[in-house]
Amino acid sequence: MRTILLTGASGVVGTSLLPRLRHHQVISLTRNRAVPGATVRGDVAAPGLGLGAAAYRRLAGTVGTVVHCAAVTDFGASDERTAEVNVRGTEHVLAFARDAGAGVLYLSTAFVTREKEAVDAGAPLGYISSKIAAEDRVRECGLPAAIVRPSVVVGDSATGELAPVQGFYAFLRTMLRNRLGGVVPCGADDLVDFVPRDVVADCIAALVDRGATGEYWLTSGDRAPSTRRLFELAERAAARYGRRLEPVRMVSARASRRLARMDPVHHAPQASSPTCWRSR
């Protein structure tokens with residue numbers, strides 16, 4: 001049994017992870033949202049985690065492992081706010097872990113080694129750059145540390161439950177409402193890599209139990225569906241409700257940007273595009 005400080009307990013992964021750590025003593029660092037179990041009010045973006053000196057010392061004297069899941073994942077957030085939470089927040093968490101003599105598990109993203117593909121897909125570089133920088137801080141911290149890199153995290157694989165805001169489902173909703181504008185910036189054979197949040201939570205819990213260090217990838221890889229397959233599944237779902245999807249042309253991200261420059265009014269909005277890795 002470990003005493004764990006968990007950040008991001010109210011997030012997409014955190015809400016699934018918290019019950020999977022129930023055999024440990026978990027203290028959730030929360031800013032606004034209530035979560036089950038023991039909590040302490042603070043803010044990763046603030047020095048000292050936003051805690052008073054006495055509360056900080058008490059917490060540091062108790063915690064043996066820090067699981068850092070808190071992050072800005074809203075692509076609409078400013079680069080400054082994203083860096084404030086994702087980079088400086090990670091620095092504050094690592095400083096706390098150093099004071100506590102604790103190991104660290106950091107939740108990153110598979111985007112960190114897909115920077116070129118993300119640029120091609122129109123993904124925001126502020127988020128990707130912040131996660132790359134945060135990983136650097138973790139590797140340089142000198143503490144026992146694990147970095148976990150999931151691809152796009154979706155809903156629960158067993159219950160189908162969704163988090164309130166997830167970009168992948170916003171894309172599916174746009175698709176089912178026939179509002180893609182006729183073009184999707186992914187090739188038909190490109191892979192749409194995603195992992196259910198309960199699978200991510202199970203993996204993180206197992207790594208915590210083992211006291212694991214190192215770097216871990218949580219992706220579907222070659223088992224991920226292609227863009228073509230995704231549209232086939234969407235067509236089946238629409239048919240069950242008596243709806244028909246309008247034909248959509250699937251083109252590479254580079255080609256879609258050229259089309260957008262040629263016709264700025266009638267191109268598909270890239271902010272709603274799925275996350276695609278080039279197929280190999």
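Keep in mind the model is a prediction, meaning the values are calculated, not measured.
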All pairs passing ring pair (Phe, Tyr, Trp, His ring centres under 6.0 Å) where residues 197-222 contributes a residue, at least two apart: none
Any residue meeting side-chain contact (heavy atoms from CB on, under 4.5 Å) with Thr65, in chain and number order, not counting sequence neighbours: Arg2, Ile4, Val67
Residue among Thr219, Thr109, Asp193 satisfying side-chain hydrogen bond (donor to acceptor under 3.5 Å, both in side chains) with Ser151: Asp193
Any pair counted as salt bridge (charged side-chain N to carboxylate O under 4.0 Å, His left out), so long as it reaches residues 6-32, sequence neighbours left out: Arg20-Asp202
Shortest non-hydrogen contact between Thr82 and Gly126, atoms and distance: CG2-O, 4.0 Å
Under 3.5 Å donor-acceptor, Lys131 side chain and Leu107 backbone: yes
Partners passing side-chain contact (heavy atoms from CB on, under 4.5 Å) against Glu232 (at least two apart in sequence or in another chain): Arg228, Arg229
Closest contact, heavy atoms only, Pro150 versus Val148: CD-O, 3.3 Å
Pairs satisfying ring pair (Phe, Tyr, Trp, His ring centres under 6.0 Å), at least one member in residues 13-32, at least two apart: none
Nearest heavy atoms of Ala102 and Val66, plus distance in Å: CB-CG2, 4.2 Å
Which residues share a ring pair (Phe, Tyr, Trp, His ring centres under 6.0 Å) with Phe194, sequence neighbours left out: Phe168
Interatomic spacing from SG in Cys186 to CE in Met250 - rounded to 0.5 Å: 9.5 Å
Side-chain heavy-atom pair Val184, Arg249 within 4.5 angstrom cut-off: no
Test item: Asp99 side-chain N/O and Ala60 main-chain N/O as donor-acceptor pair under 3.5 Å: no
Sequence-distant partners of Ala206, side-chain contact (heavy atoms from CB on, under 4.5 Å), two or more places apart: none
Test item: Arg173 and Arg179 side chains (from C-beta on) under 4.5 Å apart, heavy atoms: no
For Ala205 against Leu17, the heavy-atom pair lying closest together: N-CD1, 4.0 Å
Any donor-acceptor pair under 3.5 Å from Thr159 side chain to Asp156 backbone: no
Qualifying residues under side-chain contact (heavy atoms from CB on, under 4.5 Å), relative to Arg137, sequence neighbours excluded: Val87, Glu91, Leu94, Ala133
Residue pairs involving residues 54-69 (criterion salt bridge (charged side-chain N to carboxylate O under 4.0 Å, His left out); sequence neighbours excluded): none
Separation of Tyr106 OH from Glu135 CD (nearest 0.5 Å): 6.5 Å
Under 3.5 Å: donor-acceptor pair, side chain of Tyr169, backbone of Gly155: yes
Glu246 backbone acceptor or donor facing Asn178 side chain under 3.5 Å: yes
Main-chain N/O of Gly64 paired with Thr3 side-chain donor or acceptor, under 3.5 Å: no
Any pair counted as salt bridge (charged side-chain N to carboxylate O under 4.0 Å, His left out), so long as it reaches residues 5-17, sequence neighbours left out: none
N/O donor-acceptor pair under 3.5 Å between Asp198 side chain and Ser157 backbone: yes
Contact check, side chains of Thr15 and Leu18, non-hydrogen atoms, under 4.5 Å: no
Residue pairs fulfilling ring pair (Phe, Tyr, Trp, His ring centres under 6.0 Å) with at least one residue in residues 80-104, sequence neighbours excluded: Tyr56-Phe96
Where at least one partner belongs to residues 207-218, residue pairs that pass salt bridge (charged side-chain N to carboxylate O under 4.0 Å, His left out), sequence neighbours excluded: Arg139-Glu215, Arg149-Glu215
